Amino acid sequence: MLQISPRLRNTLISIGSLILTTAVVSNAFYQRKQFYPSIIYITKSNASMAAIYFQGLTLVFLTWKLLRWVFFGQLRPAEIEHLVDKSWFAMTDTCLAFTVFRDEFNSSFVTLFTILLFLKCFHWLAEDRIDYMERTPVITKLFHFRAVSLLTTLSFLDIFFVAYAYNSLVTRGASYQLVFGFEYAVLCTAVGFTAIKYILHCIDSLHDQTAPWDRKAAILLYTELVINFSRVTLYTVFLVLMFKMQSFPLFAVRPIYMAVKSFKKSLYDVIMSRRAIHTMNTLYPNATLEEIRAGDSTCIICREEMTTSCKKLPCNHIFHAYCLRSWFQRQQTCPTCRLDILRPRRPATAAAPAAAAPAGQPAPGGGAFPPGQFAFPQQPHFHMGNMAFPFPLPPGFPQHFPMPQPGQAGPAQLPNLTGAPMMYPAFYPAGGMMPPPPPLPPMPVPNFADMSEEDLRRLEGDSRRALEMRVAHLRNIQALLDAAVIQFTQYLSLMTPPVVLPAVPLTSTTTIPTGTSEATVSSSSTNATPSEETPTGNSESDEVRRRRLQRFQNGLAAEQP
Amino acid sequence: MAGPALKRLMAEYKQLLQDPPEGIMAGPVSDENYFEWEALIPGPEGTFFEGGIFPTKLTFPSDYPLSPPKMVFTCEMFHPNIYPDGRVCISILHPPGDDPMGYETSAERWSPVQSIEKILLSVMSMLAEPNDESPANVDAAKTYRENRDDFKRRAQILARKTLGID
């Protein structure tokens with residue numbers, strides 16, 4: 001088969017159509033000799049009318065080509081793709097609209113519909129073109145001229161058609177003009193938005209490269225919100241009117257759905273952006289010049305030099321405030337290390353000073369919680385002295401642990417702690433959420449790897465139940481850590497008076513109260529007990545203790561966050 | 001007039017020209033359009049795809065670098081992580097936040113810190129070491145897992161094809 005280019009094909013079709021029309025007209029005139037009889041002849045003959053309709057279509061197509069060339073020049077492939085997609089949707093919608101107004105279906109309806117589709121295409125192309133401004137390095141004067149003339153023409157036409165539809169509705173009552181009127185009103189909002197975008201892009205281009213205009217994004221966001229809101233309002237009014245006058249406008253469901261969706265999205269965008277800006281302005285300091293110079297002074301988001309208005313995140317990464325804001329609208333994390341900025345966890349280096357904070361006072365990071373409600377500390381407090389717990393302890397748990405002074409009191413004064421290390425199974429929720437706790441001290445940890453996906457999600461969630469669970473777990477951890485501290489002190493006190501211990505044979509420890517606690521602890525630890533009970537020699541038992549202490553410290557170190 | 005996306009793409013192009021990573025060539029298809037790039041990925045030495053030079057196309061969204069680009073191999077490929085139509089499926093190209101499969105951690109996914117260079121290097125290492133879990137091309141993954149020799153043979157045929165041999 002012969003391959004012909006679309007261009008050649010179009011030309012051939014146009015010429016063919018022109019020849020056909022000329023033939024039809026001259027044939028009619030040749031037969032009837034006069035103007036009116038020939039017109040009647042043509043309109044009566046179906047074949048002639050087909051030729052005339054075809055000529056009409058060709059003319060529309062040629063006009064489209066001409067106008068497109070005048071306003072846009074060569075179209076980019078992406079623009080053509082968008083155009084084809086959108087016009088298919090518009091065609092389907094309008095075909096559905098035909099069903100409602102089938103009684104009024106005539107040539108003027110078709111004409112109006114064609115004009116509407118025409119104008120819609122130009123609106124979409126204009127929007128694409130204006131968006132393209134941001135993406136191309138070269139903007140010619142011709143571009144500006146075309147954009148301005150196109151936008152003015154489009155807005156005039158839109159307003160004209162809205163007024164026309166309104167007049168016709170007022171004088172002649174409900175008709176398909178209602179649909180057209182609203183279609184043009186929606187197009188008005190579209191052209192308004194495009195014009196605002198164009199103006200913003202122009203203002204942006206006037207700004208210096210070194211000091212970008214950072215309010216553009218925010219203005220665009222709010223404009224979008226307003227435009228989408230007006231669109232939703234328009235559609236609502238349209239729905240109500242249509243429902244009163246005709247029937248439910250099925251054909252408008254898709255556009256209405258799209259309008260509501262985009263309104264929801266822009267509202268969400270604005271909320272997220274506001275939240276991000278708020279977080280940034282309140283929580284994170286502006287980076288000083290020294291801080292910027294200290295590291296790589298390129299903003300890793302836009303790859304440009306950072307001079308002023310930079311923000312420093314808690315993870316010490318520095319970015320342009322402007323770049324961060326646009327990123328925070330999508331993700332509330334640090335772009336570099338993905339630290340969650342809305343719920344920052346303090347880095348490990350901050351743990352040491354926090355541990356020295358006075359007990360009973362919530363750690364500084366806990367400010368995000370309503371005061372007094374969940375005032376558990378972010379860092380476990382380790383205090384060897386008397387410790388006031390910042391949360392209510394379960395009954396039976398001693399509120400204060402009298403810590404023995406090493407070397408002074410000796411093992412004889414150690415409190416009986418049989419209850420303490422064994423307490424924690426009672427804290428676990430009875431619902432069987434957790435797998436049975438691993439063996440008792442050293443340090444049982446809820447095993448996250450063994451938990452099912454659902455359990456983890458429930459743990460992660462933010463419902464009241466999840467929060468309570470989390471608090472309960474934190475309490476468990478706190479209690480266990482405290483128990484561990486007590487054990488640790490016990491060991492220490494056993495270790496420190498080296499004079500006392502060798503003097504008393506270990507078999508005789510049963511006579512002092514320590515024996516009970518010692519037995520409890522050692523029975524729960526894995527395998528250290530047998531050597532403990534056989535006093536083979538001072539150095540050996542010392543060695544055993546040291547090893548136990550070593551292991552214990554390792555366990556404790558691994559436990560600390 | 002240039003949006004942040006265009007500025008960043010121009011900066012990355014400049015960077016790639018000044019300090020190109022070994023063996024990789026990448027650049028926009030035209031001076032007018034910085035949002036479509038072409039890149040040539042060499043098959044890493046000592047791997048299945050050794051010797052080939054694989055043409056790819058990168059398409060950048062208008063909000064780059066907040067969203068990742070899309071990458072497509074424009075030559076025929078047979079690889080567990082490349083869809084039969086050429087689309088590349090690696091975690092660095094997946095937008096952060098929504099993980100439909102719950103498979104990758106967010107740390108592997110796109111963030112503005114990533115760059116074209118990093119993407120290209122990741123794709124090179126993907127060529128070197130296919131990941132046959134959650135494959136994009138099931139046939140290729142199956143062949144890779146069960147019949148390494150056949151996979152190597154097919155990869156070599158493709159590599160030679162890209163050079164215009166056979």
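Chain identifiers are assigned alphabetically (A, B, ...) following the order of the sequence lines, protein sequences preceding nucleic acid strands; residue numbering begins at 1 within each chain. Small disclaimer: the values here were computed from a predicted structure and weren't measured.
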Novice: Between B:F60 and chain A, which part of the residue has a heavy atom less than 4.5 Å away: side chain, backbone, both or neither?
Specialist: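 It is the backbone, since no side chain atom gets that close.
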Novice: At their closest point, which heavy atom of A:W327 faces which heavy atom of B:W110, and how far apart are they?
Specialist: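 So the two residues come closest at CH2-O, 4.4 Å.
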Novice: With rounding to the nearest 0.5 Å, note down the distance linking CD1 in A:I301 to OG in B:S111.
Specialist: 8.0 Å
Novice: Counting only heavy atoms not in A:Y222, do more than 12 fall under 6.0 Å of its OH?
Specialist: yes
Novice: Determine the option with the most heavy-atom pairs under 4.5 angstrom with chain A, choosing from B:S62, B:A11, B:A5.
Specialist: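 So the answer, after comparing B:S62, B:A11, B:A5, is B:S62.
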Novice: More than 12 foreign heavy atoms under 6.0 Å from NZ of B:K57: is that the case here?
Specialist: no
Novice: Can you tell which part of A:F319 gets under 4.5 Å to a heavy atom of chain B, answering side chain, backbone, both or neither?
Specialist: neither
Novice: Report, as yes or no, whether the 6.0 Å neighbourhood of atom NZ on B:K118 holds more than 12 heavy atoms from other residues, nucleotides or ligands.
Specialist: yes
Novice: If you take all heavy atoms of B:P112 and A:P335, which pair is closest and at what distance?
Specialist: CD-CB, 4.0 Å
Novice: If you count heavy atoms of other groups shown closer than 6.0 angstrom to CZ of B:R148, is the number above 12?
Specialist: yes
Novice: Can you measure from OG1 (A:T336) to CD (B:Q114) and round to the nearest 0.5 angstrom?
Specialist: 10.0 Å
Novice: Could you look at B:E12 and say if it's the side chain, the backbone, both or neither that has a heavy atom under 4.5 Å from chain A?
Specialist: side chain
Novice: Are there residues of residues 65-85 of chain B that reach to under 4.5 Å of chain A by heavy atoms, and which ones?
Specialist: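 Expected list: B:P65, B:L66, B:S67.
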